[in-house]
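As structure tokens, the structure follows; a few thoughts come after it.
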Protein chains: 2
Amino acid sequence: MLDLALLGLLEEGPEHGYELRKRLRTQFGLLANVSFGSIYPALSRLETNGSVETVEGGSPVALAPPTGSLSGEWAAMRARRRAGTRGRRSRKVYRITTAGREFFLTLLSDSTADDARSFSLRLAFARHMPPEARLALLERRRAQLVQHLTEVVTADDPELDIYARSVAEHTAEGVEQDIAWLDRLIKAERAATDASAPPNRRKTRRSA
Amino acid sequence: MLDLALLGLLEEGPEHGYELRKRLRTQFGLLANVSFGSIYPALSRLETNGSVETVEGGSPVALAPPTGSLSGEWAAMRARRRAGTRGRRSRKVYRITTAGREFFLTLLSDSTADDARSFSLRLAFARHMPPEARLALLERRRAQLVQHLTEVVTADDPELDIYARSVAEHTAEGVEQDIAWLDRLIKAERAATDASAPPNRRKTRRSA
DNA sequence: GAGAACTATATCGAATCGATATAGCGATGC
DNA sequence: GCATCGCTATATCGATTCGATATAGTTCTC
């Protein structure tokens, strides 16, 4: 889960742990409210398995200086220059490797994890998928949600008091809205596919 | 988290692990899609700290025989009688203790965990809370969601591609609907409080 | 009566969480 | 001046949770 998120962000350029966490929180909101206790071990993991490498003398300033933290950046660089690598704790900037990109695509298409967080994360990175995979992802998720609705207690369960019932109702509504959203996305995806590869009007013979 | 959920279910009567998991999945849906690898250690934990105790010769049939699993219940009892406690693996039914009820109320009012799952779980058990605590829970959650909306990237971020943007939009909509839902609950809660304790029409002097 | 499907408990390693430690820096304030 | 607060930044620890797997009895099906 985290590996996918981190590699996805590192696809856009080298970054360090602290900033990666901030971006996870702002870009993915409640879906990726992840702690440092997960981030740093995950980055070490990815480094030892060769998916990322640390940027040694690179200038991280060139990558994320959107005004404001500039002074901080400069200070960090100055401090590093002053103290060398000895004793001083400074940034560890990670860059994705070729192997890391392959691993990222593997994780992206690997459909074992089926919870809401994994799904949203994968969808957010859907631009890296082939169109069929995008459609498959959306439809798989849709099927899961429909299935879920049938398995869960409905709000007319006489056992529930008003609070439990309200939670059940609200959850069910949320799922229904998710399904409607997925339907819109699926439709848009189909339209895009048809537009880019308009098939013959006549029926095409299919091998399967 | 799990402790709260398990104790909450056991408040309604003794139950065994397998059934507790089923009820968590059906009653709390996606919010408590928990695995056995969490359930059984959690029950052991609760047993060693005295919150629950195993029911030895109790008749579990009296508690959950809503037609259908009756034969299973009977079979389990027969098997237990046949084999005694030796070798045979049968049900371990847990019952909440007085200490467990206290612990449950502590967990319920302890407001450290602030994620969506904890909140929904607490709200589902809100009948066990005093009215002020219910209101406080709802308002705390509302404030968190409002705060969240301000911190997260909005859909008009030019950096995002259509997929990431769609996820961000949909998430934000979900949060807004959650807030609206909370507003309805807060209103209802206030109305209930006023109705049960209608204050004097005239202004009452307040100590704080 | 063999095998599939369901009920039921348990355990293992890995991932994740939440808290805490450490440390440099800038700003605030008196 | 210098004390302290808050922010950036990395790291580690114990506890919790997850996901997979093992085990075993029961019930259904063919």
Side-chain angles (χ1 to χ4, degrees), chain A residues 1-6 15-22 24 32-49 54 60 64 68-83 85-94 107 110 112-115 117-118, chain B residues 1-6 15-22 24 32-49 54 60 64 68-83 85-94 107 110 112-115 117-118:
Chain A
M1 243 284 314
L2 235 193
D3 294 10
L4 176 67
L6 293 174
E15 202 53 274
H16 58 104
Y18 192 85
E19 186 64 27
L20 284 169
R21 190 213 182 205
K22 273 205 293 185
L24 280 176
N33 202 351
V34 94
S35 79
F36 290 124
S38 308
I39 294 273
Y40 292 116
L43 286 170
S44 309
R45 222 159 51 219
L46 290 171
E47 191 178 12
T48 56
N49 84 18
T54 59
S69 55
L70 250 177
S71 59
E73 302 273 356
W74 278 101
M77 285 191 71
R78 262 186 286 116
R80 210 178 312 153
R81 222 177 294 136
R82 249 188 289 128
T85 49
R86 187 189 52 75
R88 167 79 163 86
R89 200 182 290 189
S90 77
R91 292 180 170 183
K92 244 190 185 172
V93 176
Y94 293 91
L107 290 176
D110 180 33
T112 49
D114 58 344
D115 55 306
R117 294 167 71 183
S118 302
Chain B
M1 246 283 313
L2 234 192
D3 294 9
L4 176 66
L6 293 175
E15 202 53 275
H16 57 103
Y18 192 86
E19 186 63 26
L20 284 168
R21 191 213 182 205
K22 274 205 292 185
L24 280 175
N33 201 350
V34 93
S35 79
F36 291 123
S38 309
I39 295 271
Y40 291 115
L43 286 171
S44 310
R45 224 159 49 221
L46 290 171
E47 191 177 13
T48 57
N49 83 19
T54 57
S69 55
L70 250 178
S71 58
E73 302 275 355
W74 277 101
M77 284 190 71
R78 261 186 287 118
R80 210 178 311 154
R81 223 176 293 137
R82 247 189 289 129
T85 48
R86 186 190 53 75
R88 167 79 163 87
R89 201 184 287 190
S90 77
R91 290 180 170 183
K92 246 190 186 171
V93 175
Y94 293 92
L107 289 176
D110 179 34
T112 50
D114 59 344
D115 55 305
R117 293 167 71 183
S118 302

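Note that the coordinates shown come from a computational prediction; the quantities given were computed from them, not determined experimentally. Proteins come first, then strands; the chains are lettered A, B, ... in the order of their sequence lines, and each starts at number 1.
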Could you list the protein-to-nucleotides 4-6 of chain C atom pairs, N/O on both sides, closer than 3.5 Å?
none

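- Smallest separation of non-hydrogen atoms from A:Leu107 and A:Leu4: CD1-N, 3.7 Å.
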B/S/- contact track for nucleotides 13-18 of chain C, protein heavy atom under 4.0 Å: --SSBB

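- Projected onto DNA chain C by closest heavy-atom contact, B:Lys92 and B:Lys22 fall at different nucleotides, the more 5' of which corresponds to B:Lys22.
- Every residue two or more places apart in sequence or in another chain that forms a side-chain contact (heavy atoms from CB on, under 4.5 Å) with B:Asn33 is listed here: B:Arg25.
- Here the closest heavy-atom approach between residue B:Leu43 and residue B:Gly17 is recorded as CD1-CA, 3.8 Å.
- Computed from coordinates, the A:Glu47 CD to D:dA11 P distance equals 9 Å when rounded to whole Å.
- For the salt bridge (Lys or Arg N to Asp or Glu O under 4.0 Å) test, no residue two or more places apart in sequence or in another chain qualifies with B:Arg117.
- The shortest distance between the side-chain N/O atoms of B:Tyr40 and the OP1/OP2 oxygens of C:dT9 is below 4.0 Å.
- Evaluation of the side-chain contact (heavy atoms from CB on, under 4.5 Å) rule for B:Tyr18 yields B:His16, B:Lys22, B:Phe36, B:Tyr40 as partners, not counting sequence neighbours.
- For B:Leu46 against B:Asn49, the heavy-atom pair with the smallest separation is O-OD1, 3.1 Å.
- Not a single side-chain contact (heavy atoms from CB on, under 4.5 Å) links B:Ser44 to another residue, sequence neighbours left out.
- At whole-Å resolution of the value, CG in B:Leu6 and P in D:dT17 are 9 Å apart.
- A:Ser118 meets the side-chain hydrogen bond (donor to acceptor under 3.5 Å, both in side chains) test with A:Asp115; sequence neighbours excluded.
- For the pair B:Arg21 CZ and C:dT9 C1', the computed distance is 13 Å after rounding to whole Å.
- Taking atom CG of A:Leu43 as the reference point, atom P of D:dT12 lies 13 Å away to the nearest angstrom.
- The side-chain contact (heavy atoms from CB on, under 4.5 Å) search around B:Asp110 returns B:Thr112, not counting sequence neighbours.
- Here D:dT17 presents its P atom at 10 Å from CG of B:Leu46, a figure rounded to the nearest Å.
- As rounded to whole Å, 13 Å separates atom C1' of D:dG19 from atom CG of A:Asp110.
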